[in-house]
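Presented below is the structure to which this report refers.
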Amino acid sequence: QVQLVESGGGLVQAGGSLRLSCAASGRTFNSYAMGWFRQAPGKEREFVAAITWSGGSIAYADSVKGRFTISGDNGKNTVYLQMNSLKPEDTAGYYCAAAASYISGYYLRRFESFDYWGQGTQVTVSS
């Protein structure tokens with residue numbers, strides 16, 4: 001079984017920064033893309049950012065573009081999310097996801113496209 005483990009969440013003041021990490025472990029697994037989604041209480045899960053290993057495509061939600069940066073290491077099935085200039089509206093549980101098949105474009109932003117999920121790490125931004 002493939003497991004994704006996130007780390008790096010926490011409490012930060014508005015304007016601060018956090019760096020989330022996600023590492024895949026378990027059986028031999030080659031992901032085609034990895035990404036981050038978030039979900040706040042009472043709200044639907046929403047796309048944050050994703051990266052494809054083939055071609056190196058990167059996508060961001062408009063709400064985080066220019067503030068968040070996704071990066072990763074394909075060989076280690078590891079992905080990071082550097083979050084700068086955090087806002088209270090960024091408060092949510094952040095979930096790492098990995099896709100076991102090729103996805104791109106529109107499908108990169110859909111949570112249904114991803115096969116494996118982490119347990120989530122909480123990010124709280126105080127005003």
Side-chain angles (χ1 to χ4, degrees):
Q1 184 66 298
V2 175
Q3 292 181 326
L4 301 181
V5 179
E6 303 101 333
S7 61
L11 173 64
V12 65
Q13 288 188 333
S17 299
L18 285 174
R19 186 176 188 245
L20 305 184
S21 300
C22 173
S25 63
R27 64 172 176 84
T28 301
F29 169 65
N30 292 316
S31 65
Y32 285 81
M34 295 186 75
W36 292 93
F37 290 75
R38 66 187 182 187
Q39 187 167 19
K43 294 187 177 181
E44 295 185 349
R45 190 179 327 181
E46 65 173 353
F47 169 76
V48 176
I51 184 169
T52 64
W53 303 129
S54 176
S57 297
I58 291 177
Y60 294 101
D62 289 343
S63 59
V64 307
K65 199 173 295 183
R67 299 187 298 121
F68 291 11
T69 302
I70 189 170
S71 62
D73 186 330
N74 183 17
K76 296 181 180 179
N77 274 324
T78 301
V79 68
Y80 308 97
L81 186 68
Q82 178 66 43
M83 305 185 295
N84 299 329
S85 302
L86 283 161
K87 304 175 181 180
E89 51 262 44
D90 294 319
T91 295
Y94 282 71
Y95 298 86
C96 173
S101 56
Y102 177 78
I103 55 174
S104 66
Y106 164 80
Y107 296 99
L108 203 55
R109 299 169 180 266
R110 303 294 302 176
F111 71 85
E112 300 93 334
S113 302
F114 292 83
D115 303 285
Y116 301 100
W117 292 85
Q119 293 298 310
T121 185
Q122 179 66 31
V123 171
T124 302
V125 184
S126 63
S127 58

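Just so you know, these numbers use all the heavy atoms, side chains as well, and skip hydrogens, waters and symmetry mates.
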Ignoring hydrogens, what is the shortest heavy-atom contact between [X] and [Y]? Give both atom names and the distance.
X   : Y    : result
S31 : N74  : O-OD1, 4.0 Å
P88 : A14  : CD-CB, 4.1 Å
M34 : F114 : C-CE2, 4.1 Å

Can you tell me how far the [atom1] atom of [X] sits from the [atom2] atom of [Y], to the nearest 0.5 Å?
X    : Y    : atom1 : atom2 : result
Y94  : Q39  : OH    : CD    : 12.0 Å
F47  : Y60  : CZ    : OH    : 9.0 Å
Q122 : L11  : CD    : CG    : 10.0 Å
Y102 : T52  : OH    : OG1   : 6.5 Å
Y32  : D115 : OH    : CG    : 11.0 Å
E6   : Q119 : CD    : CD    : 7.5 Å

> Does E112 CD have over 12 foreign heavy atoms under 6.0 Å away?
Replying inline: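 More than 12 heavy atoms, drawn from other residues, nucleotides or ligands, come within 6.0 Å of this atom.
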Are [X] and [Y] linked, directly or through other ILVMFWY residues, by side chains that come within less than 4.5 angstrom of each other?
X   : Y   : answer
W53 : V2  : yes
Y80 : V64 : no
I70 : V48 : yes

Residue pair [X] / [Y], side-chain heavy-atom distance below 4.5 Å:
X    : Y   : value
V123 : L20 : yes
W117 : R45 : yes
L81  : R38 : no
F111 : Y95 : no

> With sequence neighbours left out, which residue pairs that include part of residues 11-25 fulfil the side-chain hydrogen bond (donor to acceptor under 3.5 Å, both in side chains) condition?
Replying inline: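 Only S17-N84 qualify under side-chain hydrogen bond (donor to acceptor under 3.5 Å, both in side chains).
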> Does the pair D90/K87 count as a salt bridge with the N-to-O cut at 4.0 Å?
Replying inline: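 No, no charged N to carboxylate O under 4.0 Å.
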> Which one of I103, I58, I51 satisfies the side chain to side chain contact (heavy atoms under 4.5 Å, CB included) criterion with L108?
Replying inline: I103
> Does T91 use its side chain to pair, donor to acceptor, with the backbone of V125 at less than 3.5 Å?
Replying inline: yes
